[in-house]
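Some notes on the structure that comes next.
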Amino acid sequence: MEFEKIENALKKGEGEEVRIRGWIYRKRRTGKLIFAVIRDSSGIIQTVVEKGKVSEEEFNDAKKALIESSVEVEGIIHEDERAPGGRELHVTKFRVVSFAEDFPITEHQSVEFLLDNRHLWLRSRKLTEVMKLKSEILRFIREWFHENDFYEVTPSVITMNAAEGGATVFSFDYFGQPAYLSQTAQMYLEAMIFSLERVWSLTPSFRAEKSRTRRHLIEYWHLEAEEAWVDNKKNMDLQEEMISHVCRRVAEECKPQIEFLGRKAEELKAIEPPFPRIKYERALEILREKGFEIEWGDDFGVPHERALVEEEEKPIFVTNFPVEAKAFYMKIAPDGKTVECADMLAPEGYGEIIGGSEREESIESMIERLKKDGANIENYEWYFDLRRYGSVPHSGFGLGVERLVYWIAKLDHIRDATPFPRLLRRAYP
RNA sequence: GCCGGCGUAGCUUAGUCAGGUGGAGCACCCGGCUGUUAACCGGGCGGUCACCGGUUCAAAUCCGGUCGCCGGCGCCA
């Protein structure tokens with residue numbers, strides 16, 4: 001007999017024989033009966049081991065086996081209202097594959113202890129559901145790019161460019177030369193649009209900033225796209241279509257995962273184009289009406305973003321930030337003061353999930369802004385070549401995958417959107 | 001980097017204000033129970049009170065310092 005996934009075993013009828021394998025999730029004993037709840041990747045089922053119905057040795061093994069012991073179990077499915085879920089497995093054969101030692105995680109846990117034991121806490125229901133959801137979100141993202149004529153490309157994560165803005169980078173010795181861990185693949189993607197026109201990539205990105213917030217990871221999965229012949233408006237159209245596609249597909253296919261996590265499928269179904277678009281200037285007015293003291297030129301902090309989206313049900317775009325608040329590669333707008341950029345802020349106060357812009361084509365304008373930042377112009381020569389040989393209008397955007405998961409899964413901290421979070425004070429396990 | 005909080009058994013904690021032999025629940029072990037749902041009942045095992053120094057007859061407790069973690073801000077996706 002083949003092993004059955006627990007999900008399927010639970011669908012079998014009264015009296016049917018099944019064989020499952022997994023880990024002991026909970027165990028209760030009462031005299032001659034042992035109730036062992038078994039979990040595998042698909043779900044959990046209560047098994048009943050009764051003295052006399054299995055060999056003496058098997059009964060004793062079942063008695064001894066602690067939580068998280070791995071087991072193979074055969075038995076008969078019975079409907080019983082006393083069982084969680086109304087169905088259980090009456091065991092005829094109980095084999096312990098490996099006896100677990102005392103499992104350190106018990107009913108009361110602190111954040112610190114769970115992070116120290118992340119490798120074990122990944123077995124919890126919550127993280128299991130989040131990891132399944134993340135896998136599906138990535139699948140839907142890939143689905144959308146494929147349907148919209150994008151090529152998936154694989155840029156390098158090791159770079160000589162100390163990258164954008166003033167963001168801090170991790171540096172290391174590359175056979176005697178200084179090199180850095182990438183913060184963005186954007187410039188490499190820009191190079192590739194001249195052959196592939198529409199490209200996207202999924203890479204790890206690294207930020208050495210000492211950020212201590214619930215929405216920052218030191219290492220995160222960065223999804224970036226770059227599109228030839230596309231301006232900032234069309235760029236926003238693409239972003240809202242992609243996000244809406246992912247939300248709709250999650251609502252359709254991941255209902256058990258999201259509802260376990262407290263996110264209603266209807267809330268995600270309601271996410272569809274168009275998303276509200278407001279200019280930075282208008283956002284300033286809204287913030288001032290809400291009592292913030294904020295000057296033209298200031299970038300938004302967490303409280304500002306939260307205030308802009310706390311009452312929204314869909315994500316919003318904030319466009320046309322002041323030139324001095326954004327990176328050198330963003331195209332300067334006709335007004336001369338702002339850039340053709342757009343930040344997508346997730347609703348319910350979750351804040352920025354995407355940053356995008358139309359790219360500057362004037363080499364002079366970029367050099368001027370890079371000099372203001374004190375950057376070494378020589379490092380950008382190859383990038384300027386992209387403007388020298390048949391430049392075209394183009395735009396792109398970058399999305400923090402964990403931020404998307406954080407919002408969709410309604411998490412209270414981004415660390416739970418990734419299996420082994422790298423945080424300011426933690427890179428173990 | 002700044003501000004705040006916390007650190008007592010494997011885990012979660014009481015005790016710290018007001019110095020005087022560190023208690024409990026969970027986990028684990030032993031025993032009991034033929035329908036448990038975080039099972040229950042009885043017993044047992046388990047402590048460098050984060051670390052270093054000081055005050056005191058006496059420090060988990062008071063004082064000084066160090067380290068670690070958490071939360072918020074700043075910075076950023």
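FYI, side chains are in, hydrogens and waters are out, and symmetry mates aren't considered; it's all heavy atoms of this structure. Letters A, B, ... are given to chains in the order of the sequence lines, protein chains preceding strands, and every chain is numbered from 1.
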Give the rounded distance in Å between these two atoms: [atom1] of [X] and [atom2] of [N].
{"X": "A/I218", "N": "B/C75", "atom1": "CD1", "atom2": "P", "result": "16 Å"}
{"X": "A/F103", "N": "B/C28", "atom1": "CZ", "atom2": "P", "result": "12 Å"}
{"X": "A/E112", "N": "B/C69", "atom1": "CD", "atom2": "P", "result": "8 Å"}
{"X": "A/F300", "N": "B/C76", "atom1": "CZ", "atom2": "C1'", "result": "15 Å"}
{"X": "A/L114", "N": "B/G10", "atom1": "CG", "atom2": "P", "result": "17 Å"}
{"X": "A/R118", "N": "B/C70", "atom1": "CZ", "atom2": "P", "result": "12 Å"}
{"X": "A/Y25", "N": "B/A38", "atom1": "OH", "atom2": "P", "result": "10 Å"}
{"X": "A/H90", "N": "B/U34", "atom1": "NE2", "atom2": "P", "result": "17 Å"}

### Query
Taking only residues two or more places apart in sequence, or in another chain, which ones meet A/K53 in a salt bridge (Lys or Arg N to Asp or Glu O under 4.0 Å)?
A/E50
Describe the nucleic acid contact of [X] in one word from base, sugar-phosphate, nothing, applying a heavy-atom distance below 4.0 Å.
{"X": "A/R426", "result": "sugar-phosphate"}
{"X": "A/Q46", "result": "base"}
{"X": "A/L66", "result": "sugar-phosphate"}
{"X": "A/D80", "result": "base"}
{"X": "A/L115", "result": "sugar-phosphate"}
{"X": "A/T213", "result": "base"}
{"X": "A/R425", "result": "sugar-phosphate"}
{"X": "A/E88", "result": "base"}
{"X": "A/F113", "result": "sugar-phosphate"}

### Non-hydrogen side-chain atoms of A/I77 and A/I45 separated by less than 4.5 Å
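Yes, side chains in contact.
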### A/H394 vs A/E197 side-chain heavy atoms within contact, under 4.5 Å
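In short, these two side chains do not touch, never coming nearer than 4.5 Å.
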### Query
Is the phosphate of B/G72, meaning OP1 or OP2, less than 4.0 Å from a side-chain N or O of A/R212?
no
### Query
Think A/R214 has a side-chain N or O under 4.0 angstrom from the OP1 or OP2 of B/G72?
yes
Sticking with atom [atom1], work out how far [N] lies from [M], rounded to a whole angstrom.
{"N": "B/G54", "M": "B/C76", "atom1": "C1'", "answer": "44 Å"}
{"N": "B/C11", "M": "B/C67", "atom1": "P", "answer": "23 Å"}
{"N": "B/G5", "M": "B/U16", "atom1": "C1'", "answer": "16 Å"}
{"N": "B/G53", "M": "B/U61", "atom1": "P", "answer": "14 Å"}
{"N": "B/C29", "M": "B/G22", "atom1": "P", "answer": "29 Å"}
{"N": "B/U55", "M": "B/G15", "atom1": "P", "answer": "29 Å"}
{"N": "B/U21", "M": "B/G25", "atom1": "C1'", "answer": "23 Å"}
{"N": "B/C33", "M": "B/C69", "atom1": "P", "answer": "49 Å"}

### Task
Return the 5'-most residue of the pair A/D102, A/K27 with respect to RNA chain B, ranking by each residue's nearest nucleotide.
A/D102
### Task
Name the residue closer to the 5' end of RNA chain B, choosing between A/K63 and A/P104 according to the nucleotide with the nearest heavy atom.
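Nearest-nucleotide comparison on RNA chain B picks A/P104.
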### Message
Distance to the ring centre below 6.0 angstrom and angle to the axis at most 45 degrees; does that hold for A/K326 and A/F321?
### Response
yes
### Task
With A/K126 as the cation and A/W121 as the aromatic partner, state whether NZ or CZ is under 6.0 Å from the six-membered ring centre and within 45° of the axis.
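Ring-cation test returns no.
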Nearest of [options] to any side-chain atom of [X]?
{"X": "A/S211", "options": "B/G71, B/C28, B/G74", "result": "B/G74"}
{"X": "A/R306", "options": "B/C73, B/C70, B/U34", "result": "B/C73"}
{"X": "A/V302", "options": "B/G35, B/C73, B/G68", "result": "B/C73"}
{"X": "A/T106", "options": "B/G35, B/G1, B/G10", "result": "B/G10"}
{"X": "A/R215", "options": "B/G35, B/C76, B/U34", "result": "B/C76"}
{"X": "A/H216", "options": "B/G35, B/C69, B/C75", "result": "B/C75"}
{"X": "A/T30", "options": "B/C75, B/C69, B/U34", "result": "B/U34"}
{"X": "A/H413", "options": "B/C70, B/G71, B/G35", "result": "B/G71"}

### Task
Dot-bracket notation for RNA chain B is requested: 5' to 3', Watson-Crick or G-U wobble pairs only, both distances under 3.5 Å, with ( ), [ ], | and . as defined.
((((((((.[[[[.)....(..]]]].(((((.......))))).....[[[[[..)....]]]]])))))))....
### Message
Check this for me: does any side-chain nitrogen of one of A/R95 and A/E58 sit under 4.0 Å from a carboxylate oxygen of the other?
### Response
no
### Query
So does A/E4 pair up with A/K11, basic N to acidic O under 4.0 Å?
no
### Centroid-centroid under 6.0 Å between A/F145 and A/W200 rings
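They qualify: ring centres under 6.0 Å apart.
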### Query
Centres of the A/F300 and A/Y280 rings: under 6.0 Å?
yes
### Message
Could you check whether A/E241 and A/S244, counting side-chain N and O atoms only, form a donor-acceptor pair closer than 3.5 Å?
### Response
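Note: A/S244 and A/E241 side chains miss the donor-acceptor criterion.
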